[in-house]
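What you see is a predicted model, and the numbers here were worked out from it, not measured in a lab. Computation of the quantities below employed the complete heavy-atom set of this structure, encompassing side-chain atoms and omitting hydrogens, waters and symmetry-equivalent molecules.
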Amino acid sequence: MTKHAAPPQQVATIKQPPAKRSGGDRGIMIGSHIVLIFWSIIVILPLVWSFFSATRSTSEIFSGPWTLPHHLWHNLSANFSSAWSDSGLGRDLLNTIIVVGVALILVMALGSMCAYSLARFPFRGSRAIYYLILAGNTFPIFLAIVPLFFVLKHIGLLNTFPGLILAYVAFAFPFTVFFLYPFFRALPGEIAEAAELDGAGDWRTFIQVMLPMAKPGIAAVAIFNFLGLWNQFLLPVALNTNQHNYVLSQGMYNFVSSAGYEVNYGALFAGVVITVVPVLIAYIIFQRQLQGSLSQGTMK
């Protein structure tokens, strides 16, 4: 007769109780949450009030900060129609989309190629070129207004879309190279060598292999450049005085200054909504890419 083997003894697992937070950690957590809540209120409340004021007339806005609109749909139609057509913000929005869109494509293409070349193909003087590009981030933009004005005037691009696009590209180029350089430098060189062994040239390796691997960093710097170029005011005011080529920041300033003491504040806040909504939509769409790129950058 065969004896049945005794079942193996089960080792009892003892669950460790969760570590208790000390009084100092709890105080830091509560304090940080209070600061974040206070900061969120400071940031969100003016934005909510601007959206709410776009639904009211000027008299309702001055009657109280949170006075409810008596004719909601009539106020919305009148305010946005006045801001879009009468003030020309619809044309300015289209101009801004064209200028910022073309400038963003150009600066991302040129910046990524420059950052990749400096990071993957070092040569004599490459570090000096990189530091000169970084110096562009520290150069105050108002000091470059006069040279840019005369340069664009002599080449015949003053008060034109191409001239403003070139100024935007020059403004965002140093930051783009500064941001993308560590991403390309951290990519494994073995992958590029494997692509070269498979017969891929330098351009094909860059476009089909290395550029997709740096997608998180490219998405992040594209969002930052979009926000900076969309809200740019000093460059278009100095280099783009043709009213038909105004961008949104100039259109809003012209809207307020031309009205004098009879500002239609309902239409003014409707113009603010028209200016802010595209930025919010872009951030909501690319929020995941931005968070992923920043977390990947911290892990590296």
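To the nearest 0.5 Å, atoms CD1 (I218) and CG (L211) are separated by 4.0 Å. The distance from atom OG1 of T160 to atom CG of N242, rounded to the nearest 0.5 Å, is 9.5 Å. Rounding to the nearest 0.5 Å places CG of L229 at 9.0 Å from CG of L235. With rounding to the nearest 0.5 angstrom, the NE2 atom of H70 is 7.5 Å from the OG atom of S59. Expressed to the nearest 0.5 Å, how far CD1 of I133 lies from OH of Y181 amounts to 10.5 Å. Residue T275 holds its OG1 atom at 9.0 Å from CG of D92, rounded to the nearest 0.5 Å.
Panel note: side chain N79, backbone A270; no donor-acceptor pair is recorded below 3.5 Å. Side chain of Q208 to backbone of T205: no donor-acceptor contact under 3.5 angstrom is found. Under the 3.5 Å distance criterion, the side-chain polar atoms of R56 are matched with a main-chain donor or acceptor of P65. No donor-acceptor pair under 3.5 Å is formed between the side chain of S77 and the backbone N or O of H74. No donor-acceptor pair under 3.5 Å is formed between the side chain of S53 and the backbone N or O of S50. In this structure a side-chain-to-backbone donor-acceptor pair under 3.5 Å is missing from R91 to V247. Between the side chain of S112 and the backbone N or O of A109 there is at least one donor-acceptor pair closer than 3.5 Å. Listed for the S40 side chain is a donor-acceptor partner under 3.5 Å among the backbone atoms of L36. Judged purely by atom type and a 3.5 angstrom limit, T96 uses its side chain to pair as donor or acceptor with the backbone of L248.
Two residues are said to be in side-chain contact when any heavy atoms from C-beta on lie closer than 4.5 Å; P69 and F52 meet this criterion. Contact check for M213 versus P188: side-chain heavy atoms found under the 4.5 Å cut-off. I44 is not listed as a side-chain neighbour of W39, based on a closest heavy-atom distance of 4.5 Å or more. At a threshold of 4.5 Å between non-hydrogen side-chain atoms, the residues S32 and V35 do not count as touching. Residues F226 and Y283 are not in side-chain contact: their nearest non-hydrogen atoms beyond the backbone lie 4.5 Å or more apart. Side-chain atoms of P46 and W49, non-hydrogen and from C-beta on, never get closer than 4.5 Å to each other. I42 has its side chain within reach of F38: a pair of non-hydrogen atoms, C-beta onward, lies under 4.5 Å apart. The shortest side-chain heavy-atom distance between V272 and V276 falls under the 4.5 Å cut-off.
Residue W203 places its CH2 atom among 12 or fewer non-hydrogen atoms of other residues, nucleotides or ligands, all under 6.0 Å distant. Under a cut-off of 6.0 angstrom, the local environment of OH in Y130 is crowded, with over 12 non-hydrogen atoms contributed by other residues, nucleotides or ligands. Summarising the local packing, CZ of F150 is surrounded by 12 or fewer heavy atoms from other residues, nucleotides or ligands at distances under 6.0 Å.
Smallest separation of non-hydrogen atoms from L187 and R120: O-NH1, 2.9 Å. The minimum heavy-atom distance linking P122 with S126 is given by the pair CA-OG, 3.9 Å. Closest approach of A238 and I145 over heavy atoms only: CB-CG2, 3.5 Å. In terms of heavy atoms, V209 sits closest to A195 at CG2-CB, 4.1 Å. Minimum heavy-atom separation, A103 to V169: O-CG2, 3.7 Å. Residues S82 and A267 share a closest heavy-atom pair of OG-CB, 3.7 Å.
Checked against the 6.0 Å centroid threshold, Y246 and Y253 do not count as a close aromatic pair. Ring pair F179/F175: centre-to-centre distance below 6.0 Å. Under the 6.0 Å cut-off for aromatic ring centres, Y116 and F121 qualify, their centroids lying closer than that.
No continuous path of hydrophobic side-chain contacts links V43 to I284 [ILVMFWY only; heavy atoms under 4.5 Å]. At a threshold of 4.5 Å between side-chain heavy atoms, the hydrophobic network of Ile, Leu, Val, Met, Phe, Trp and Tyr places L280 and M252 in one connected group. Linking ILVMFWY residues whenever their side-chain heavy atoms come closer than 4.5 Å, directly or via other members, places W73 and F51 in the same cluster. Linking Ile, Leu, Val, Met, Phe, Trp and Tyr residues whenever their side-chain heavy atoms come within less than 4.5 Å places L72 and F269 in a single cluster. In the hydrophobic cluster analysis, where Ile, Leu, Val, Met, Phe, Trp and Tyr join through side-chain heavy atoms closer than 4.5 angstrom, L134 is grouped together with F183.
With hydrogens and angles left out, the side-chain atoms of T67 and S63 include a donor and acceptor closer than 3.5 Å. In the model, T55 has no side-chain atom that pairs as donor or acceptor with a side-chain atom of N75 under 3.5 Å. Using modelled atom types, one finds a donor on one side chain and an acceptor on the other under 3.5 Å when comparing N240 with Q250.
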- Show the numbers, then the answer: is there a side chain to side chain contact (heavy atoms under 4.5 Å, CB included) between F142 and L234? CA-CA 8 Å; F142 61 86; L234 186 58; 3.8 Å; yes

- Message: I'd like to know whether F149 forms a side chain to side chain contact (heavy atoms under 4.5 Å, CB included) with H154, so could you lay out the CA-CA distance, the side-chain angles of the two residues, the decisive distance to 0.1 Å, and finally the verdict.
- Response: CA-CA 9 Å; F149 178 87; H154 288 314; over 6 Å; no

- Could you go step by step and tell me if F173 and Y168 meet the side chain to side chain contact (heavy atoms under 4.5 Å, CB included) rule? CA-CA 8 Å; F173 182 77; Y168 277 12; over 6 Å; no

- Query: What's the verdict on side chain to side chain contact (heavy atoms under 4.5 Å, CB included) for F161 and V102, showing C-alpha distance, side-chain angles and the deciding distance?
  - Reply: CA-CA 10 Å; F161 283 163; V102 176; over 6 Å; no

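Residue pairs meeting the side chain to side chain donor-acceptor pair (under 3.5 Å) criterion with at least one partner in residues 219-237, sequence neighbours excluded, are T176-N225.
Checking L164, L148, L152 one by one against L158, the side-chain contact (heavy atoms from CB on, under 4.5 Å) holds for a single residue, L152.
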